[in-house]
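Notes follow once the structure below has been shown.
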Amino acid sequence: MDTLLTADVAARNPRERRRSSTYVDAIHDMPENGELAPAQLYSTESGRLFHSGRIVIVTVGLPARGKTHLSVALARYLRWLGVKTQVFHLGDYRRAHVGPGKDVPEDYFHVDASPASVLMRQKILKKCRDDIYFFLNNEKGQVAIYDAVNPLAAGRRSLAKEFSKHDAQTLFIESACDDEKIIEENVRSVKISSPDYIGWDEKDAVKHYLARMRAKIPHFETMEEPDLNYIKMINAGERITVNNCTFGYLSHRIVFYLLNLHIKSRHTYFARAGTSSEEDSYKADANLSEQGAEYARKMGETLLAHRDKERQAMIHRGGPDVPLKPLTVWTSTRRRTVETSQYLYEKGYRVRQRSQMSQLNPGVCEKKSEKRIRMEYPDEVAKHEQDPYHHRYPRAEVSDDLSGCNRWADGLMGWLSRIMISQSA
Amino acid sequence: MSVDLSHIKTNGIGVPQVEDTRICVVMVGLPARGKSLIAGKVVRYLAWLSIHAKTFNVGSYRRADTPSPTADFFSKGNKEGEKMRQAAAEAAVSDMLRWFRKDKGIVAVLDATNSSKARRRWVAERCREQDIHTIYVESKCDNEEIIMANILEVKTTSPDYKGQDPEAAALDFRNRIKNYENVYETIDEDEKDLTYVKLIDVGSQVIINQIQDYLQSRVVYYLMNLHIRPRSIWLSRHGESEFNLDGRIGGDALLSERGELYARKLPELVASSVKDGQKLTIWTSTLKRTIATARFLAASSKGYDKLEWKALDELDSGVCDGLTYQEIADQYPEDFKARDDDKYNYRYRGGESYRDVVIRLEPIIMELERSENIIIVTHQAVLRCIYAYYMNVPQEQSPWMEVPLHTLIKLTPRAYGTEEQRFKANIPAVSTFRSKGSTAKHQ
């Protein structure tokens, strides 16, 4: 997620939009079919959630406060909720403008910058904002995330004004930090991996980077504007201030997401249920087959062996010799998932049934061959072929229902669990 | 080694769902800041989700000894009053801790002003002894209008002022608030190690500090969705369906002739209960019968927006879908009986229980709390669950409630409890209500 690595990629890209440089991360590389939001709560003509309106999320914060990480995480979450979201990293536009290997003038971020620097700033901003408007107006975008430092209150006010002229609400998210340790850790993990610091001692590199940033951006005002909508995250979520954000569904969901973002690290393992005795029927809710039961035992054994190996490895690396964090098993309420968890249950692990985790209900298509479905529901088949993701066979569930507000979103937040046994969807 | 699977149940009975943490929600704030309202809603919401929750109101403990105190009782210099108030807090907290121990409580709400830092520390210490997390919820409001409205609406009906002149009561109450203001300390930097939520001027600013776990974040999310703007929720079942006529459950049938009449009449019925200019949003399920029922309302000149929610679909009756109760009793006699024994928890084979429906409705409730005027056209079981949330109906009762067809229900949330009105369309329909043990097609 290093912003420096992608500068040349952005430079080559006609519209400056970032492609992830090292791997496909599904956030910067939009799917070929741009109309296809991953999972919508419900669909509307405009392709937007109508009770949310158009929103520009504007990040605020000094470098190394996790703004980029935050914007990418938010974009991933919002897209998964079915909201068409795109991130615009101003840094990419800046780097693309000056060209590879070069930097903006020293006074670029200063309040009393030279006319040439101000002009350059305006040019870069304009390009980025034009892309944002293009996304909102012509690509059915609903949320644009504008990732930049935005250090001054006056600048933020005029931003909000400008976006409202374009019929979009503005939500600022400030990432603030008064814990030097967190900042240094951030610098270490994302900032000093750039070519500039090859061969440097880590500590010196961190110091140098922070000093350079302090000189580069000497003025920064934390958000206190009572009239703006803002969320201020302090120390990666230790404290969150939400100001004036009563305007909608999405801002509340975002806050809820941020509240859960920092909660302790954990592993989550996924496993499918064993095969059942009546594999092709949803309604039957059948027991595990013999083969399925055998799988359940082996899967349990494998998991426990893996966890033990992890623990040994941790001790080997000099970690403390303590028991692993407790393992909780989540299953759906369908019989074969519960039965698949049985081995672990007998070993003393806690098993919880969560109805949100059930397989997609096939509705009227249950137990029917494709040929028969085509014969009986020709209209539905035609609709399905046009929009396989959102189309719903009569009474059936679609992937939307899983990831949209309806079933998963809330359950997912509370992942205390470490293994989830589910059926295929 | 083979695994013994014989005792596994997926019908929801006998599956312990233990929460990971227990929390005490400690209310903080001057009188007339809506603390009791918030406390009541949180408990109702959690109880609806089967999370064992209870309010402990310090005022009611104090009232046992001092039923109608004057404002002077609450002044800083009144040693006797201070002592008695401390005793009331002691009693409430002791009872609360006993409830956690004996009744396996999960979330307690300590409803009091808890206005000093010392008092808040004391509560945290008492809870920590029993490994109970505390989360402080401060309602801070300096908006005179809101405070005055609160005083008039709620406090003049308070048990402390029973039988007194309302004007004198309001005046005395203002003086009581002044006495509290003298000792009131808002939550600040000194308490940054505590988990807290500070709601300023009814949510225009919210500060959230040190949230530790999922249950806490859920409570916070719920609090953030609450608002106090006046609003109503209209509930209606779909019009009578062809399946209703046959006494069949589930399915995706179309409306009967009489159901069609109801659909045509619905706009008029709604209009009679809506104030001029009030904007409604229509929510339906994804099934044909609710969409058909709402279609004239959606097409009316009022320009109401409409949403179809999968979460509002009828309880899935699995293998019993499309059967009559008689057929279920014949084909699945054990299931038929099991369902009567515990209708809330019974899960149809390959289908859902009422408990499952509540879980999938939770986001709907959250969205309802956040929204203003909504009309929901849905199904019997779903409507029972939503109704149970607003009217605080216990789980043993809610699956057996009678919700007739062709009737519009209007719910208006008030400070304490919800007001209900019913509007009948006067279009005959079969009764789909089934009493315990009965297999009758129509009662």
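Taking a 6.0 Å sphere around NZ of B/Lys302, one finds it holds 12 or fewer heavy atoms contributed by other residues, nucleotides or ligands. For B/Gln331, the CD atom is densely surrounded, since the number of other residues' heavy atoms within 6.0 Å is greater than 12. Remark: B/Lys279 NZ is packed, more than 12 non-hydrogen atoms of other residues, nucleotides or ligands lying under 6.0 Å away.
For the pair B/Gln205 and A/Tyr230, the minimum side-chain heavy-atom distance is below 4.5 Å. Looking only at side-chain heavy atoms (C-beta outward), B/Val206 and A/Thr241 stay at 4.5 Å or farther from each other. Within the 4.5 Å cutoff, side-chain heavy atoms of B/Tyr221 are placed close to those of A/Arg253. Put simply, the side chain of B/Ile208 reaches to within 4.5 Å of the side chain of A/Val255, judged on heavy atoms.
Once rounded to the nearest 0.5 Å, the distance linking CG of A/Leu258 with OG of B/Ser217 reads 11.5 Å. Here CD of A/Glu238 is found 8.0 Å from NZ of B/Lys192. Values are rounded to the nearest 0.5 Å. The CG atom of A/Leu259 sits 11.0 Å away from atom CZ of B/Arg218, with the distance rounded to the nearest 0.5 Å.
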Could you walk me through whether A/Phe256 and B/Met224 pass side chain to side chain contact (heavy atoms under 4.5 Å, CB included), step by step? CA-CA 9 Å; A/Phe256 186 49; B/Met224 291 189 65; over 6 Å; no

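Contact count versus chain A (heavy atoms, under 4.5 Å) is highest, among B/Ile200, B/Thr195, B/Ile207, for B/Ile207.
B/Tyr348 does not touch chain A: none of its heavy atoms, backbone or side chain, sits under 4.5 Å away. In this structure, chain A has a heavy atom under 4.5 Å from the side chain of B/Val220, while its backbone stays farther away.
We find that B/Glu191 and A/Arg239 are not joined by a salt bridge, their nearest charged nitrogen and carboxylate oxygen being 4.0 Å or further apart.
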